[in-house]
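Comments concern the structure below.
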Protein chains: 2
Amino acid sequence: MTMKSISYKNIASPKGFQATGIHCGLKHKKKDLALLVSDVPASVAGVFTTNAIKAAPLLITKDVVYETGKMQAIIVNAGNANACTGKQGMADAYMMQKLTAEKLGIDQSLIGVASTGVIGELMKMEPVTTGIQALEPVNELEGAIDFSLAIMTTDTVTKNTTYQTIIDGKEVIIAGTAKGSGMIEPNMATMLGFITTDANIESNHLQDALKAITDVTFNAITVDGDTSTNDMVIVMANGMAQNNSLTPNHPDWENFVQTLHTVSQDLAKMIAKDGEGATKLIEVEVKGAITDIEARNIAKTVVGSPLVKTAIFGNDANWGRIIAAVGYSGATIDPNAITILLGTTKVVENGEPVPFSEDDLIIYLKQPEVKIFVDIHQGNGQGTAWGCDLTYDYVQINATYRS
Amino acid sequence: MTMKSISYKNIASPKGFQATGIHCGLKHKKKDLALLVSDVPASVAGVFTTNAIKAAPLLITKDVVYETGKMQAIIVNAGNANACTGKQGMADAYMMQKLTAEKLGIDQSLIGVASTGVIGELMKMEPVTTGIQALEPVNELEGAIDFSLAIMTTDTVTKNTTYQTIIDGKEVIIAGTAKGSGMIEPNMATMLGFITTDANIESNHLQDALKAITDVTFNAITVDGDTSTNDMVIVMANGMAQNNSLTPNHPDWENFVQTLHTVSQDLAKMIAKDGEGATKLIEVEVKGAITDIEARNIAKTVVGSPLVKTAIFGNDANWGRIIAAVGYSGATIDPNAITILLGTTKVVENGEPVPFSEDDLIIYLKQPEVKIFVDIHQGNGQGTAWGCDLTYDYVQINATYRS
């Protein structure tokens with residue numbers, strides 16, 4: 001396949017996209033209002049939180065994705081989640097959609113809304129209203145960076161990735177940006193992901209591709225096991241690359257899917273690595289499960305274990321906690337047929353300890369990316385999950401979040 | 001019913017029980033080997049970890065409970081879990097059982113074995129062998145306290161409780177001790193519980209009572225969501241109170257069950273309160289669920305949420321995290337029919353914020369026991385779960401556990 005990384009990673013890089021982000025006043029000083037616009041209505045796909053409590057803006061955006069099937073712009077704020085805010089919250093989210101439509105001269109049904117921040121407080125609509133008027137999206141790297149900044153909450157870095165592929169001989173770009181640091185858990189958590197592409201593809205095919213990819217990327221990360229009320233990943237495909245419309249029968253379908261997969265996986269790993277207070281990215285790869293789903297569940301269980309997370313933070317090769325997590329994952333296992341490696345060092349074979357150099361492993365565990373490999377020798381299922389270590393800073397950030 | 005708390009809380013207080021605990025050399029200095037003995041073979045009931053990886057001593061004790069149906073003594077060590085230790089681990093656990101049998105002149109099939117500590121290291125059998133010879137159990141408070149001390153790992157306090165009730169006009173005592181601080185999660189985690197009683201009851205009825213009680217006590221606590229390889233709760237009933245054998249038809253059956261329930265709940269709450277690094281006990285009571293099981297699941301989800309736990313640590317009335325946890329618990333809910341109280345202060349009604357005094361709540365949240373009350377108004381199911389806050393010390397303890 002043909003796919004290459006683009007150095008100017010930004011969601012305005014596919015043809016016909018503009019972005020911006022400003023400070024309107026929901027946060028003290030930082031940027032908190034962002035806008036992404038396509039020159040033309042784009043095919044849209046979306047995946048949304050599984051939390052039974054859903055924020056108002058999420059309900060509106062879900063309608064745009066599933067009812068309208070096209071999206072041309074999305075307005076995003078950080079600092080207030082507009083969740084558990086009742087009728088007023090719905091009215092406020094609709095107002096954000098309406099004001100954005102008026103500002104851009106676009107039909108309201110084509111506008112998505114996303115929010116992230118504190119739950120249960122009514123939106124301050126005055127700064128939002130003024131802010132929407134002031135937004136000036138541009139087709140430039142700077143606008144995309146501003147967008148990435150304005151969607152952050154406790155994130156410490158912006159998260160952007162961009163790839164190019166060739167479809168029907170046309171250059172197609174897929175770019176993504178995301179926010180997410182706390183309340184991160186499989187199945188969407190305070191995580192917002194926005195992916196833009198100039199590929200030509202109908203919404204239904206885009207939705208199928210996104211759904212399958214999400215399961216093994218965004219839904220394979222965990223920071224703290226808390227699933228948020230506001231999460232969503234949105235893909236907008238505006239067709240301006242002018243390739244023949246992509247379907248699973250298109251000869252370049254795999255090119256497209258693989259590129260979208262890579263964009264999604266990049267963003268997912270960036271979110272896990274930037275988990276609240278994290279010092280390390282942890283990758284857990286599981287082989288030998290009965291099914292891929294079981295393998296992924298084991299991987300998520302291990303990477304989500306607070307005891308594994310604190311051990312990795314402490315550079316402690318305490319594999320007993322890893323095998324214990326495998327044991328309570330609910331997967332079909334044989335306790336005497338488990339192999340575990342930390343990096344390339346085997347620490348468990350046939351469910352029993354293998355001698356290893358603690359000193360060498362401490363050096364390995366001090367790296368910014370730690371890989372745990374588990375083979376349970378029951379079948380051909382495999383899966384990977386990503387997370388981060390659990391640190392003093394996680395506690396500090398979350399004990400004082402509203403202070 | 002007739003039930004009163006006994007001031008000398010100790011597992012040697014029911015008639016015919018002796019206990020002791022010593023330092024044998026598995027830990028650096030602290031007591032690490034404990035023995036509990038009944039003068040006569042006792043009816044026994046037990047519940048065990050649901051982790052698919054089970055420690056060697058647990059497998060042996062399970063056999064005593066389910067095959068022999070009687071237990072007369074249990075030997076316990078702390079400092080090494082004897083888990084993931086293969087054939088040698090099984091041989092070592094059997095050797096502990098055999099040595100204890102020889103020491104006491106009791107049939108080996110009547111001896112239970114329990115271990116807690118680091119996973120994946122072979123037992124140092126020399127100190128254990130010498131230690132077993134040195135054990136001198138006594139029917140005194142001091143022996144019971146030594147037992148409680150010798151089973152601890154990262155626990156900061158011993159956990160003992162004792163109640164008296166009247167059955168057939170006879171005084172019956174039920175006493176319990178437990179250890180558990182980290183790797184604590186519903187369905188048994190590095191938690192050991194030992195309950196003694198002089199009640200006369202057959203093993204099958206004792207097992208039924210224990211199982212039902214465990215679900216709403218030991219299995220309703222969580223510290224970190226990690227389920228251990230070694231957990232067990234054992235009840236030994238030696239019949240020396242000489243009541244008529246207890247069955248569900250016995251007029252004092254409820255007396256007995258309620259007393260056993262109270263002993264179990266006391267121990268469970270003590271474990272939650274002594275969770276690694278904890279500064280507070282958190283109790284979550286849920287009403288209005290479709291079933292009791294759903295109510296308990298919601299309660300456990302809320303009390304297990306790292307974001308709720310850190311907020312409580314930070315004295316932050318961040319109820320948004322509570323309602324978000326209710327939302328992802330998987331229970332049937334109506335987002336607009338949720339009531340939440342912190343202590344006696346209502347913070348959410350009909351799923352929306354209720355104005356409250358942050359200052360008053362900060363004072364409440366600084367108490368050593370914090371209660372969260374959730375009513376989801378869907379049915380009559382209710383349940384309670386207990387946990388603790390998530391603190392810097394939890395991270396510190398677990399980042400350096402083996403160091």
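In what follows, chains are A, B, ... by sequence order, proteins preceding strands, each numbered from 1. Predicted model only: the values in this text are computed from it and were never measured.
- Looking at every heavy atom in both residues, B:Val395 comes nearest to A:Tyr392 through CG1-N, 3.6 Å.
- Taking both residues in full, the closest heavy atoms of B:Glu352 and A:Lys87 are given as OE2-N, 4.0 Å, listed atom of the first, atom of the second, then distance.
- For A:Ile119 against B:Ala324, the heavy-atom pair with the smallest separation is CD1-CB, 4.0 Å.
- Contact count versus chain A (heavy atoms, under 4.5 Å) is highest, among B:Pro353, B:Cys84, B:Gly86, B:Pro335, for B:Cys84.
- More than 12 heavy atoms of other residues, nucleotides or ligands lie within 6.0 Å of CD1 in A:Ile362, so this atom counts as buried by the packing criterion.
- For A:Lys54, the side-chain contact (heavy atoms from CB on, under 4.5 Å) partners are A:Thr49, A:Leu58, A:Leu59, A:Lys62, not counting sequence neighbours.
- Between chain B and the residues A:Gly327, A:Ala81, A:Ala331, the most heavy-atom pairs under 4.5 angstrom are made by A:Gly327.
- Partners of A:Asp375 according to the salt bridge (Lys or Arg N to Asp or Glu O under 4.0 Å) rule, which considers only residues two or more places apart in sequence or in another chain, do not exist here.
- Considering only heavy-atom pairs separated by less than 4.5 Å from chain B, the leading option among A:Ile333, A:Ile323, A:Thr332 is A:Ile323.
- The distance from the CD1 atom of A:Ile338 to the CD1 atom of B:Ile53 is 3.5 Å, given to the nearest 0.5 Å.
- Looking at A:Ile312, neither its backbone nor its side chain comes within 4.5 Å of chain B, counting heavy atoms on both sides.
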